[in-house]
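Inspection log for the structure reproduced underneath, given as structure tokens.
Chain identifiers are assigned alphabetically (A, B, ...) following the order of the sequence lines, protein sequences preceding nucleic acid strands; residue numbering begins at 1 within each chain.
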Number of protein chains: 2
Amino acid sequence: MTFDPVADWPAWRDRVVDRLQRDHQRATPQRMRIVETLWHHGHLNVDELHREVRKADASVGYATVYRTLKLLERCGLVNCSNFGDGTARYEVHSGAAEHHDHMICTDCGTIVEFENDAIELLQEEVARSHGYVLKSHRMDLFGICPACQALAPR
Amino acid sequence: MTFDPVADWPAWRDRVVDRLQRDHQRATPQRMRIVETLWHHGHLNVDELHREVRKADASVGYATVYRTLKLLERCGLVNCSNFGDGTARYEVHSGAAEHHDHMICTDCGTIVEFENDAIELLQEEVARSHGYVLKSHRMDLFGICPACQALAPR
DNA sequence: CTACGTGCAAACTATTTGCTGAAAA
DNA sequence: TTTTCAGCAAATAGTTTGCACGTAG
């Protein structure tokens, strides 16, 4: 579950290339730069991602970022979230089984990921008790992170 | 917790008027029509709400619906949610203590509200274990409702 | 040499805002 | 008679798309 962003990058890059080829999609330099940036910085929105990608290649256009993210999402290689600031945020989707939720600091925007099997079981139970077949869920916790608590005590 | 949309309307209307007056905001006919529509139909987005309000008064403008919803939200009289269709959806916020989450049918869009204290406790625990002070949360379950399961068996 | 991918700019969608006249305090 | 509201239309923000040129298979 824990991963080393530097050491694990080659394996992830290969996986992305394979997955794209399977769909007869090309692993272009632009696409790979976007994937790599997202690998190293999670939870970026399109604007932030675009700015970051441009540090490596200033010619990459806004539309390419959007189109690439859509493509990666269709391939199950990235996930999209919405934390209420009006922009979509993306992160790489490392494994099929892995699911996590987010806790967002409402002061500084820091995002922590967490997993909680007990909650997931209870969600299943809620769905079942209403006759629903659960497909997916989204859970975001909003609060104040330790650092911001220290800055504004009381 | 259960409420009768018809019988309980006068009490709610009075509460809205009181709350607005406290903020030196006027309970105009347009605003009250919007509140009443939202009282009778929950989880509407702005477009749907506007269309519904226009059945009673065709002169009400789009901007008024937006501005009224913002106002009501600031007063704690309505809640805003996002279920991933790109539009904000609103519902009346009946009581201070009451909190509920949503389960959405991904086929027909039906929305069921539920409360689960066990999950809320676990959320508190997750926040505490990361040193966060929990302020609020959002949890949406996506699945197939009983009716849609019956329509498309297997 | 054909199909796919890119960058640009224009289009679109949901939401917000400026302005002028109407209406309540 | 001053402040708050409403309706309209124009502006904005995030995202998508059409087009003409490039580039990989």
Short heteroatom pairs, N/O only, protein and nucleotides 23-25 of chain D, under 3.5 Å:
none

Rounded off to whole Å, could you give me the [atom1]-to-[atom2] distance for the [X] and [N] pair?
{"X": "A/L49", "N": "D/dG14", "atom1": "CG", "atom2": "P", "answer": "15 Å"}
{"X": "B/L20", "N": "D/dC5", "atom1": "CG", "atom2": "P", "answer": "9 Å"}
{"X": "A/R89", "N": "D/dG14", "atom1": "CZ", "atom2": "P", "answer": "11 Å"}
{"X": "B/Q30", "N": "C/dA23", "atom1": "CD", "atom2": "P", "answer": "10 Å"}
{"X": "B/R31", "N": "C/dA24", "atom1": "CZ", "atom2": "C1'", "answer": "11 Å"}
{"X": "A/E48", "N": "D/dG14", "atom1": "CD", "atom2": "P", "answer": "11 Å"}

Ignoring backbone atoms, establish whether B/T28 has a side-chain N or O less than 4.0 Å from OP1 or OP2 of D/dA6.
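Yes.
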Please tell me if A/Q25 has a side-chain N or O lying less than 4.0 Å from either OP1 or OP2 of C/dG5.
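Answer yes for this pair, as a side-chain N or O of A/Q25 is under 4.0 Å from OP1 or OP2.
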On DNA chain D, check which nucleotide each of B/H24 and A/Y90 is closest to and give me the residue with the more 5' one.
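Looking at DNA chain D, the more 5' nearest nucleotide goes with B/H24.
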My understanding is that a hydrophobic cluster links ILVMFWY residues whose side chain heavy atoms are under 4.5 Å apart, including indirect links. Using that, what else belongs to the cluster containing A/M139?
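For the cluster that includes A/M139, the remaining residues are A/M103, A/V112, A/F114, A/I119, A/L122, A/V126, A/Y132, A/L134, A/L141, B/M103, B/V112, B/F114, B/I119, B/L122, B/V126, B/Y132, B/L134, B/M139, B/L141.
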Give the other cluster members for A/F83, using side-chain heavy-atom distances under 4.5 Å between Ile, Leu, Val, Met, Phe, Trp and Tyr residues; answer none if it is isolated.
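Traced through the cluster, A/F83 reaches A/I104, A/I111, A/F142.
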Which residue pairs pass the salt bridge (Lys or Arg N to Asp or Glu O under 4.0 Å) test with at least one member in residues 129-146 of chain B, sequence neighbours excluded?
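For residues 129-146 of chain B, and leaving out neighbouring residues, the salt bridge (Lys or Arg N to Asp or Glu O under 4.0 Å) pairs sorted by first residue read A/R138-B/D140, A/D140-B/R138.
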Can you name the side-chain contact (heavy atoms from CB on, under 4.5 Å) partners of A/T37, sequence neighbours left out?
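A/H41, A/L44, A/L49, A/E52, A/V53.
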Would you mind writing out the side-chain donor-acceptor pairs for residues 61-81 of chain A within the sub-3.5 Å range, not counting sequence neighbours?
{"residue": "A/Y62", "atom": "OH", "partner": "A/D47", "partner atom": "OD1", "Å": "2.4"}
{"residue": "A/T68", "atom": "OG1", "partner": "A/T64", "partner atom": "O", "Å": "2.7"}
{"residue": "A/N79", "atom": "OD1", "partner": "A/H93", "partner atom": "ND1", "Å": "2.5"}

Can you check whether B/H102 reaches B/R89 side chain to side chain, under 4.5 Å on heavy atoms?
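Counting from C-beta outward, B/H102 and B/R89 never come under 4.5 Å.
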Which residues in residues 54-76 of chain B have at least one heavy atom lying under 4.0 Å from any atom of DNA chain D?
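Here the set is B/S59, B/V60, B/G61, B/A63, B/T64, B/R67.
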Under the salt bridge (charged side-chain N to carboxylate O under 4.0 Å, His left out) rule, collect the residues that match up with B/D107, sequence neighbours excluded.
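Listed in chain order: nothing, the list is empty.
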For A/D23, give me all partners under salt bridge (charged side-chain N to carboxylate O under 4.0 Å, His left out), at least two apart in sequence or on another chain.
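For A/D23 the salt bridge (charged side-chain N to carboxylate O under 4.0 Å, His left out) partners, ignoring immediate neighbours, are A/R19.
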B/W9 and B/W39 aromatic ring geometry - parallel, tilted or perpendicular at 30°/60° bounds
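B/W39 vs B/W9 ring planes: tilted.
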Start at the 5' end of DNA chain C and walk down; is the nucleotide closest to B/P29 or to B/D85 reached first?
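Checking each residue's closest nucleotide, the 5'-ward one belongs to B/D85.
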